[in-house]
K.L.:
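I am attaching a structure below and will ask some questions about it afterwards.
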Amino acid sequence: MSTTQTRTQTPSSFTTPDIRPSGVAGLRVPPVELGHAGTPPWSHRLLPPFVRGLLVDLGWWQDPAPQPPSTHLEQTLAVLRKYGWCQSLDVTPTGRLCIRGAQNVLQKTGYITPEAREKAVGYMQQALAEAGITMQFFAWNDLPDQQFSAVQTLLERAARLARENGE
C-alpha cells in the first residue's frame with residue numbers, strides 16, 4: 001500500500017475481537033452523546049469559530065461546554081463510530097476520520113479546549129505505554145494491520161485512566 005492510499009472501514013463491518021491489554025478485558029464504556037444533539041451539528045462545522053463567537057455574544061448561539069479529557073476521549077470514540085474510522089488522513093474525502101481528525105472536529109466545534117486535549121493525548125500515550133507501545137498514537141493508528149477494535153480499546157482505556165485521575 002502506498003503512503004498516499006487510505007484504508008477505511010465502515011462501522012458496520014468492524015470485528016470486535018477482545019484484544020485488550022491485560023487488566024482491561026470486559027471494559028465497556030457506554031456510547032457518549034455529544035452535547036444535546038449527538039455529534040457536532042453541521043452548523044458547528046460550517047461556521048468559523050469567530051462567527052460563532054460573535055453569535056454567542058449576541059445571544060443567538062450557544063456553544064457547547066468544553067468537556068474534561070475523559071469525556072473528550074469517549075466523544076472521540078463516538079465520532080469515529082458515527083462517521084467511520086480511517087488511516088493515513090485526518091479526514092478522508094468521504095468524511096471518515098482518524099483519532100486525530102475526530103479530536104480536531106471536537107476542538108474546532110468547542111467540545112474540548114487545547115489544554116484538555118493535550119491531557120487526553122497524554123492519557124492515550126499512557127495507555128499505549130502500558131501495552132508496551134512506545135510510538136505516538138497517530139503513528140500507531142496508521143499501522144498497516146491496525147483494526148478499529150484496537151483503536152476502540154485504546155480510547156476506552158485512556159478514558160478510564162482519565163476518570164481514575166479525576167479528569
Side-chain angles (χ1 to χ4, degrees), residues 1-22 24-35 37-42 44-46 64 66-112 114 116-163:
M1 179 183 316
S2 74
T3 57
T4 58
Q5 289 180 326
T6 303
R7 284 188 359 174
T8 60
Q9 189 173 5
T10 60
S12 61
S13 67
F14 292 145
T15 58
T16 55
D18 195 0
I19 59 170
R20 293 175 170 85
S22 62
V24 186
L27 171 67
R28 295 283 181 241
V29 177
V32 174
E33 293 297 323
L34 305 180
T39 57
W42 275 108
H44 270 194
R45 288 176 273 174
L46 294 175
Q67 301 297 315
S70 60
T71 305
H72 168 67
L73 290 161
E74 293 166 348
Q75 289 175 335
T76 300
L77 181 55
V79 168
L80 292 176
R81 284 178 178 150
K82 174 147 180 131
Y83 294 108
W85 170 72
C86 74
Q87 295 179 290
S88 303
L89 296 172
D90 283 358
V91 182
T92 67
T94 59
R96 298 181 193 284
L97 304 150
C98 71
I99 298 170
R100 190 169 55 186
Q103 286 187 306
N104 288 342
V105 167
L106 291 168
Q107 184 175 339
K108 288 178 183 175
T109 56
Y111 285 95
I112 188 81
R117 180 180 173 175
E118 285 303 313
K119 288 181 181 180
V121 167
Y123 288 117
M124 282 191 286
Q125 291 304 137
Q126 182 180 347
L128 286 172
E130 287 178 358
I133 301 166
T134 58
M135 58 186 6
Q136 295 289 321
F137 77 92
F138 51 86
W140 174 84
N141 181 82
D142 293 341
L143 290 174
D145 294 330
Q146 194 62 269
Q147 298 291 319
F148 180 74
S149 59
V151 171
Q152 178 177 329
T153 299
L154 168 67
L155 292 168
E156 289 172 347
R157 177 65 182 141
R160 183 173 168 187
L161 288 170
R163 278 193 304 278

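Sequence positions, counted from 1, serve as the residue numbers for this chain. It should be emphasised that the depicted structure is a prediction, and the values quoted were computed from it without experimental measurement.
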K.L.:
Would you give the length of the straight line joining atom CD of Q67 to atom OG1 of T76, rounded to the nearest 0.5 angstrom?
P.N.:
11.0 Å

K.L.:
When you compare the side chains of Q103 and Q107, does any donor N or O come within less than 3.5 Å of an acceptor on the partner?
P.N.:
no

K.L.:
Would you name the heavy atoms of C86 and N141 that are closest together and state the gap between them?
P.N.:
O-ND2, 3.4 Å

K.L.:
To the nearest 0.5 Å, tell me how far F138 CZ sits from R100 CZ.
P.N.:
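Going from the CZ atom of F138 to the CZ atom of R100 covers 5.5 Å.
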
K.L.:
Could you go through the side chain to side chain contact (heavy atoms under 4.5 Å, CB included) check for F148 and L77 one step at a time?
P.N.:
CA-CA 10 Å; F148 180 74; L77 181 55; 3.8 Å; yes

K.L.:
If you round to the nearest 0.5 Å, how far is OH of Y111 from OG1 of T71?
P.N.:
12.5 Å

K.L.:
Determine the minimum heavy-atom distance between A120 and H72, stating which atoms define it.
P.N.:
CB-CD2, 3.5 Å

K.L.:
Taking Q125 for the side chain and M135 for the main chain, is one N or O donor matched with an acceptor at less than 3.5 Å?
P.N.:
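Pair found, side chain donor or acceptor close to backbone of M135.
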
K.L.:
Side chains of R157 and L73: does their closest heavy-atom pair fall under 4.5 Å?
P.N.:
no

K.L.:
Using a 4.5 Å cut-off on heavy atoms from C-beta on, say whether the side chain of I112 contacts that of P66.
P.N.:
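No, side chains not in contact.
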
K.L.:
Checking the side chain of D142 only, and the main-chain atoms of Q87 only, is there a donor and an acceptor separated by less than 3.5 Å?
P.N.:
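No.
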
K.L.:
Heavy atoms only: give me the nearest W140-A150 pair and the separation to one decimal.
P.N.:
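Heavy-atom minimum between the residues: CH2-O, 3.3 Å.
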
K.L.:
Say you draw a straight line from CD of Q75 to CG of L155; how long is it, rounded to the nearest 0.5 Å?
P.N.:
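It is 12.0 Å, given to the nearest 0.5 Å.
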
K.L.:
Taking all heavy atoms of R163 and all of S70, pick out the closest pair and write down the distance.
P.N.:
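It is CG-CB, 3.5 Å.
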
K.L.:
Nearest heavy-atom pair of P69 and A116: which atoms, and what distance?
P.N.:
CG-O, 3.7 Å

K.L.:
Please assess R117 against N104 for the test side chain to side chain contact (heavy atoms under 4.5 Å, CB included), listing each intermediate value before the final yes or no.
P.N.:
CA-CA 9 Å; R117 180 180 173 175; N104 288 342; 2.7 Å; yes

K.L.:
Enter the distance from Y83:OH to L97:CG here, rounded to the nearest 0.5 Å.
P.N.:
8.5 Å

